[in-house]
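Before any comments, here is the structure.
Basis for what follows: all heavy atoms, side chains included, without hydrogens, waters or symmetry-related copies.
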Amino acid sequence: MHDDITDVPGIRVGHSTNLEAGTGCTVVLCDVPTVAGVDVRGGGPATRETDLLNPVCMVEEVHAILLTGGSAFGLDAASGVVRYLDERGIGYDSGGIPIPIVPGAAIYDLTFGSAKIRPGDADGYAACENAHAGPVEQGNVGGGTGATVGKLFGPTFATKGGLGSASVVLPGGLIVGAIVVLNALGNIIDIQTQQPIAGSRHTSESSEIPGNPFGNTTIAAIATNAALTKAQISKIAQMAHDGMAQVIRPAHTMFDGDTVFALATGDRTSGLQQDTASAAQQVSLLGAAAADTLARAIIKAIHAASDLHGIPAASSRP
């Protein structure tokens, strides 16, 4: 076990990173039939294919999730993921023509590094080529390369965010993993002490007035090896947002595009049936674990981050 999302069987993660430009993208590849849901809480999301994940919609499978920098421009990286999957004949069977289903979300990192270099087709494809089931590289990597936190007083006073991942094994062998790109407006709070561990470096002595509040968003993917329906995995995505609220203050603002995808890789053809109460109990257990695991992944993102383009990491602050 690696204590990250690749502990869930059938999940691989790959990054494409441009440290000079201060941006990149991360792809979560699903190597087994996977049901997905999503929950968007922030007021400024940049997303792709989220409507398809509504339980009332027809398609029951996804093949990858994209977590990217570059704001709306960066969603172009999904084309490279689609191309990678298409070359391997992976996709939803639409009458003999496989169509890759690749939902995604982007963070705003255009004011970090270069505003003119954003993840595109080639970056999405490269992230897929780099995907593996081993330990997930964290910190200034992939979609978290240009991530920062603590921008209540503007980006000048930000602290470096990044990418983090964590997992937990539940009774009965169920696994819940989380991967997050942490680029929040708010500060990051330690769960145990309830004290800030990263955030705005603004002080009462600073003469600069609060700056531009735009340029935020925390995006994440949850995965579990449970066999779930679209409605059930959508509920887990909803509950996972509580993990953001545990450690990001404030979360889900109008200037964040906070989005959580959730993936269920369990075999739904096994014939296992549960009564309503048992199914609800399992979903609740998984949702609570998803929230706690996402919160821990956020903390790991802060600890793994390092200084970049003049923005200090929490570990290098006095």
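- K230 places no side-chain N or O within donor-acceptor distance of the main-chain N or O of M58, the cut-off being under 3.5 Å.
- A heavy-atom distance below 4.5 Å is found between the side chains of T148 and N183.
- In this structure, the side chain of K160 engages the main chain of T145 through a donor-acceptor pair within 3.5 Å.
- Contact check for T17 versus L19: side-chain heavy atoms found under the 4.5 Å cut-off.
- Between the side chain of D258 and the backbone N or O of H252, at least one donor-acceptor pair lies under 3.5 Å.
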Please assess F261 against L53 for the test side chain to side chain contact (heavy atoms under 4.5 Å, CB included), listing each intermediate value before the final yes or no. CA-CA 9 Å; F261 297 97; L53 302 183; 3.9 Å; yes
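- Atom CE of M254 has 12 or fewer heavy atoms from other residues, nucleotides or ligands within 6.0 Å.
- For the atom pair CG of N187 and CD of Q195, the computed distance is 11.5 Å after rounding to the nearest 0.5 Å.
- Taking every heavy atom of both residues into account, A313 and A305 meet most closely at CB-O, 3.5 Å.
- The local environment of CG in D51 is sparse, with at most 12 non-hydrogen atoms from other residues, nucleotides or ligands closer than 6.0 Å.
- Between V62 and P103, the closest side-chain pair of non-hydrogen atoms falls below 4.5 Å.
- Here the closest non-hydrogen pair linking A105 and T47 is CB-CG2, 4.1 Å.
- Atom OG in S306 sits 3.5 Å away from atom CG in N140 (nearest 0.5 Å).
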Would K235 and Q238 count as a side chain to side chain donor-acceptor pair (under 3.5 Å) here? Give the steps. CA-CA 5 Å; K235 181 61 178 178; Q238 182 188 79; 2.5 Å; yes
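- To the nearest 0.5 Å, atom SG of residue C25 and atom CG of residue L67 are 9.5 Å apart.
- Heavy-atom neighbours of F73 CZ from other residues, nucleotides or ligands within 6.0 Å: at or below the threshold of 12.
- For the pair V35 and T229, the minimum side-chain heavy-atom distance is 4.5 Å or more.
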Apply side chain to side chain contact (heavy atoms under 4.5 Å, CB included) to the pair L163 and V136, showing each step before the final yes or no. CA-CA 9 Å; L163 183 139; V136 174; 4.0 Å; yes
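- For the pair E60 and Y92, the minimum side-chain heavy-atom distance is 4.5 Å or more.
- Note on I302: it clusters hydrophobically with I191, by side-chain heavy-atom contacts below 4.5 Å among ILVMFWY residues.
- Residue T217 forms a side-chain contact (heavy atoms from CB on, under 4.5 Å) with just one option from L182, D109, L185, I107, and that option is I107.
- A donor-acceptor distance shorter than 3.5 angstrom exists from the side chain of R88 to the backbone of Y84, with no hydrogens or angles considered.
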Donor-acceptor pairs under 3.5 angstrom involving side-chain atoms of residues 280-287: please list them, not counting sequence neighbours.
| residue | atom | partner | partner atom | Å |
| --- | --- | --- | --- | --- |
| S284 | OG | A280 | O | 2.9 |

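- In this structure, CG on N130 lies 9.0 Å from NE2 on H15, to the nearest 0.5 angstrom.
- Between D39 and M239 there is no side-chain heavy-atom pair separated by less than 4.5 Å.
- I101 and V82 fall into different hydrophobic clusters, where Ile, Leu, Val, Met, Phe, Trp and Tyr residues are linked whenever their side-chain heavy atoms come under 4.5 Å apart, directly or through other members.
- Taking 4.5 Å as the limit, some side-chain heavy atom of L263 sits within range of a side-chain heavy atom of I65.
- Using modelled atom types, one side-chain atom of Q138 and one backbone atom of S165 make a donor-acceptor pair closer than 3.5 Å.
- At least one donor-acceptor pair under 3.5 Å links the side chain of N225 to the backbone N or O of I175.
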Go through I189 and Q194 one step at a time and tell me if the side chain to side chain contact (heavy atoms under 4.5 Å, CB included) criterion holds. CA-CA 6 Å; I189 308 299; Q194 291 297 297; 4.2 Å; yes
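- When side chains are defined from C-beta on, I299 counts as touching I197, because their heavy atoms get closer than 4.5 Å.
- Nearest heavy atom pair, residue D4 against residue P135, reads OD2-CA, 3.4 Å.
- When the options I179, V8, L294, I233 are evaluated for a side-chain contact (heavy atoms from CB on, under 4.5 Å) with I222, the one that passes is L294.
- Surrounding CD of E20 are at most 12 heavy atoms belonging to other residues, nucleotides or ligands under 6.0 Å away.
- With hydrogens and angles ignored, the 3.5 Å screen pairs a side-chain donor or acceptor of N216 with a backbone N or O of F255.
- Among T293, V181, V180, the one residue that satisfies the side-chain contact (heavy atoms from CB on, under 4.5 Å) test with I298 is V180.
- Side-chain heavy atoms closer than 4.5 Å link hydrophobic residues (I, L, V, M, F, W, Y) into clusters, and following such links, even through other members, never connects L52 to I236.
- To the nearest 0.5 Å, atoms NE2 (H63) and CG (D86) are separated by 11.5 Å.
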Derivation and outcome, side chain to side chain contact (heavy atoms under 4.5 Å, CB included), residues I248 and I188: CA-CA 5 Å; I248 302 174; I188 310 305; 3.9 Å; yes
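- Taking hydrophobic clusters as Ile, Leu, Val, Met, Phe, Trp and Tyr residues chained together by side-chain heavy-atom distances below 4.5 Å, I99 does not share a cluster with I90.
- The pair D3-K300 counts as a salt bridge, with a side-chain nitrogen and a carboxylate oxygen less than 4.0 angstrom apart.
- Electrostatic pairing of R118 and D76 does not count as a salt bridge here, judged by no charged N lying under 4.0 Å from a carboxylate O.
- Between A226 and A264 the shortest heavy-atom distance is O-CB, 3.5 Å.
- Once rounded to the nearest 0.5 Å, the distance linking CG of L75 with CZ of R48 reads 8.0 Å.
- The cluster map of Ile, Leu, Val, Met, Phe, Trp and Tyr, joined by side-chain heavy atoms under 4.5 Å apart, puts V59 and L66 in different clusters.
- Here the closest non-hydrogen pair linking T6 and G134 is OG1-O, 2.8 Å.
- Judged purely by atom type and a 3.5 angstrom limit, T26 uses its side chain to pair as donor or acceptor with the backbone of G143.
- Closest non-hydrogen pair, I311 versus T159, comes out as CG2-C, 3.6 Å.
- Just one residue in the list T50, I219, T259 forms a side-chain contact (heavy atoms from CB on, under 4.5 Å) with P45, and that residue is T259.
- At distances below 3.5 Å, not a single donor-acceptor pair connects side-chain atoms of S200 with backbone N or O atoms of A158.
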